[in-house]
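Below, read A as the first sequence line, B as the second, and so on, with proteins coming before strands; counting in each chain starts at 1.
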Protein chains: 4
Amino acid sequence: MVGDAPHRGNRYGRSERARRSVLEAADDLLVERGFAALTVEGIAVRAGVAKQTIYRWWPSKTAILLEAYAQDAAEELTPPDTGDLAADLRAHLRTLAAFLTGSDAGAVFRALVGQAQHDAGLADLLRREHLAGQRERDRLPLERAVERGELDPGLDLDELVDRLVGPVHYRVLVTGVPAPAEFTDALVAGVLATAARSPAS
Amino acid sequence: MVGDAPHRGNRYGRSERARRSVLEAADDLLVERGFAALTVEGIAVRAGVAKQTIYRWWPSKTAILLEAYAQDAAEELTPPDTGDLAADLRAHLRTLAAFLTGSDAGAVFRALVGQAQHDAGLADLLRREHLAGQRERDRLPLERAVERGELDPGLDLDELVDRLVGPVHYRVLVTGVPAPAEFTDALVAGVLATAARSPAS
Amino acid sequence: MVGDAPHRGNRYGRSERARRSVLEAADDLLVERGFAALTVEGIAVRAGVAKQTIYRWWPSKTAILLEAYAQDAAEELTPPDTGDLAADLRAHLRTLAAFLTGSDAGAVFRALVGQAQHDAGLADLLRREHLAGQRERDRLPLERAVERGELDPGLDLDELVDRLVGPVHYRVLVTGVPAPAEFTDALVAGVLATAARSPAS
Amino acid sequence: MVGDAPHRGNRYGRSERARRSVLEAADDLLVERGFAALTVEGIAVRAGVAKQTIYRWWPSKTAILLEAYAQDAAEELTPPDTGDLAADLRAHLRTLAAFLTGSDAGAVFRALVGQAQHDAGLADLLRREHLAGQRERDRLPLERAVERGELDPGLDLDELVDRLVGPVHYRVLVTGVPAPAEFTDALVAGVLATAARSPAS
DNA sequence: CTGTAATCGAGACGGTACGTCGCGTCTTACT
DNA sequence: AGTAAGACGCGACGTACCGTCTCGATTACAG
């Protein structure tokens with residue numbers, strides 16, 4: 001369950017073994033049983049760890065999920081760089097949709113966003129620690145296009161990102177309607193059509 | 001505590017007085033203390049009602065919120081019909097943003113969507129009972145424009161709605177960035193630019 | 001486990017069934033496993049009762065024992081009344097020694113006195129609720145003897161009681177030496193020899 | 001914190017400094033806060049010692065108290081030897097009562113006797129290591145009186161000791177009634193009256 | 001105009017999980 | 001070898017709510 005890392009448990013550092021098995025257990029339990037059935041006690045039992053060890057290092061079960069999410073999902077959502085803006089965005093949105101609806105990390109993300117609706121502190125953390133970085137990655141293809149002269153430098157790129165990823169998140173989080181490639185591709189086409197015309201206007 | 005409705009408590013049906021005061025209490029407590037602190041016991045005490053009375057008529061606290069939401073919010077989000085598509089959409093999105101971020105019913109909505117991430121049954125109910133109807137209302141301006149010949153009848157109106165309301169929900173539920181009139185107006189302009197050109201292509 | 005008493009659980013009175021099974025469970029567990037291993041959780045499980053039900057009615061595990069002791073032991077230690085002072089006292093002390101060392105209720109008593117050394121509040125309760133009454137019973141043979149004219153009315157009867165029951169308690173609680181009939185009979189003889197001579201002096 | 005003893009922490013045996021500060025800390029904490037609030041962790045912090053150091057040298061917190069008691073109290077309860085039996089016993093019982101009710105070591109003794117009711121192992125230790133020796137000291141005046149011919153050599157001196165110290169312990173441990181000089185002096189008078197007559201019988 | 005039955009308030013019940021405390025064990029760097 | 005520091009697995013603490021239950025009181029209609 002916990003691998004072969006040494007069991008430290010002394011003042012020269014916390015137990016990496018305990019940390020890892022807690023994150024794994026939380027992840028597994030969330031996917032298997034859902035957020036509502038996720039309890040600190042359940043995580044402790046599954047991880048083979050004392051409850052107090054969890055409370056020593058994490059203030060709440062959402063903090064565990066936040067860290068588990070960071071570990072699992074950080075790199076998955078970097079858009080490609082092929083030199084073709086439309087292609088990069090299409091690929092990125094397809095990956096995003098698959099991530100949000102089909103991956104374990106996406107399940108963690110949905111649970112965190114859900115819980116953030118009830119907990120302003122979590123909302124802040126989530127935005128500072130994850131969404132800000134993701135926004136940077138989401139902007140990359142557009143920034144490169146601006147540098148290549150394909151997009152008007154005066155465009156508000158954050159607004160464009162909202163128009164691209166917003167509808168995908170909306171379908172996943174609110175309506176539950178799938179966001180297949182046709183949907184995300186059309187989204188890219190629509191947004192780029194507007195953006196591309198902007199310099200001409 | 002709950003007005004002057006008669007206190008029935010007999011075999012011929014439930015007490016309207018109790019129903020109303022439960023809905024009010026749930027609403028108030030959600031706004032005052034947040035979803036995390038919302039408990040059936042708290043609602044019962046605030047409403048001056050026995051816990052059993054709540055469980056007799058609602059299966060869970062989210063069911064109470066669902067009904068409270070229905071009562072408060074049903075009519076607020078019907079778009080105007082001025083004959084000017086862009087103007088109608090601009091007004092509608094401004095109202096939507098204000099509703100989601102600024103109203104008590106919007107707080108209930110956010111809590112329900114948040115909880116729906118953890119509870120598939122609630123997600124289904126929310127979609128069937130509220131989001132489906134709201135989708136109909138959101139489509140109205142576009143349908144009227146199609147009828148007026150301003151929009152290509154071949155357009156997928158649901159997709160257009162997603163592009164309009166998706167970014168607003170995304171900002172409210174995910175990033176927490178405000179969605180001022182400039183943002184929603186630009187959104188309408190962007191989406192309509194694409195849609196208007198579509199028939200020409 | 002709990003008999004056939006009705007399970008009330010409403011505001012018109014607590015559940016007698018729960019009360020009884022808690023007292024029994026505490027008693028049994030104390031005798032089986034000792035005070036150190038007696039926990040509220042263990043009592044709850046053994047009694048088939050929720051922990052909260054225990055905390056609703058008793059502030060601590062010693063309070064449970066106090067009540068269990070009252071239920072079991074109140075009447076056991078009333079000295080006989082044969083009209084023969086020495087015989088009554090001999091019988092009473094023999095019964096007392098057997099009670100303290102050999103009965104379940106005696107085990108509860110020893111545990112309570114032990115805990116009272118650590119808890120002044122418990123000490124007060126124990127003295128007010130049990131020891132005061134027992135003192136009254138312990139005095140009875142002596143008071144009757146005074147009335148019969150066998151003892152000097154000027155004697156301090158409480159002091160005599162201390163000289164009779166003190167050594168028995170001392171052996172049981174402190175030295176652990178048995179207090180057989182020879183010991184208690186000699187005790188009676190010694191104390192009465194002094195007391196009987198007192199009026200003559 | 002504990003004086004100027006060297007801080008060994010080396011391979012040449014245990015640290016006397018640590019030993020002393022643990023015993024002092026345990027004693028102080030018992031008197032200040034009572035046995036119920038006495039924890040190994042608390043002792044360690046107060047003594048400026050690691051918890052492990054305590055567990056290396058003592059098996060339990062009662063073992064610490066046992067040693068602390070040995071250190072403080074061993075000599076205090078040796079009866080005087082004036083050649084006058086009654087006077088020696090009166091002095092001894094007065095000292096005993098004062099010790100039990102008024103001294104720090106007496107508080108430790110009461111806690112140990114209390115805990116011994118819950119722990120047979122502690123009871124054994126306490127009796128072997130302390131009570132046996134104290135019993136020897138308690139017998140001394142009587143043994144000297146036998147040697148002087150003042151008491152019948154056939155008397156059971158242990159029984160006499162029980163009649164002398166038993167009521168004092170009983171008041172202290174059980175009833176909580178004070179044991180002033182009048183009480184202990186009368187006790188001595190009563191017991192000696194019986195004992196003195198015994199040879200005559 | 002009286003009897004009756006569904007609903008009401010109140011709140012105790014058996015449970016689950018919470019977050020905390022202290023236990024006794026362990027590992028480490030230092031002396 | 002022994003020490004101060006402190007993290008660890010563990011078990012119990014006392015509390016908060018859950019959802020179920022039983023109770024006597026209330027009240028609108030049916031007989």
| said: Looking only at the side chain of D:T39 (C-beta and beyond, no hydrogens), which of the listed nucleotides F:dG9, E:dC18, E:dC23 gets closest? | reply: E:dC23

| said: Is it the case that the base of F:dG14 and the side chain of C:K51 share a donor-acceptor contact (distance under 3.5 Å, atom types as modelled)? | reply: yes

| Atom NZ of C:K61 to atom C1' of F:dG11: distance rounded to whole Å? | 13 Å

| field | Contact under 4.0 Å: B:W57 side-chain N or O vs E:dC8 OP1/OP2 | value | yes

| note | Side-chain atoms of B:V49 come closest, of E:dG14, E:dG9, E:dC23, to E:dG9

| said: From CZ of C:R14 over to C1' of F:dT22, roughly how many Å is that when rounded to an integer? | reply: 17 Å

| remark: From CH2 of A:W58 across to C1' of F:dA7 the rounded distance in Å is 13 Å

| task | For A:Q115 and A:R110, test the side chains for any donor-to-acceptor distance below 3.5 angstrom and give the result as yes or no. | result | no

| task | Please tell me which of C:S60 and B:L38 maps to the more 5' nucleotide of DNA chain F, matching each residue to the nucleotide holding its nearest heavy atom. | result | C:S60

| request: Please state whether the phosphate of F:dG2, meaning OP1 or OP2, lies under 4.0 angstrom from any side-chain nitrogen or oxygen of D:R56. | output: no

| note | In whole angstroms, the gap separating C1' of E:dT27 from CD of A:E16 amounts to 16 Å

| said: With a 4.0 Å limit, can you tell me whether A:T53 has a side-chain N or O closer than that to the phosphate oxygens OP1/OP2 of F:dG9? | reply: yes

| message | Taking atom CZ as the centre, does C:R33 end up with more than 12 heavy-atom neighbours from other residues, nucleotides or ligands that are less than 6.0 angstrom away? | response | no

| Has the side chain of B:Q117 got a donor or acceptor atom that lies under 3.5 Å from a matching backbone atom of B:V113? | yes

| request: Counting heavy atoms from C-beta on, name the nucleotide in E:dG24, F:dT15, E:dT7 closest to the side chain of C:Y55. | output: F:dT15

| message | Can you see whether D:W57 has D:R20 sitting over its ring - NZ or CZ less than 6.0 Å from the centre and within 45° of the normal? | response | no

| query | Nearest to the side chain of D:Q52, which nucleotide is it out of E:dA17, F:dA5, F:dT3? | reply | F:dA5

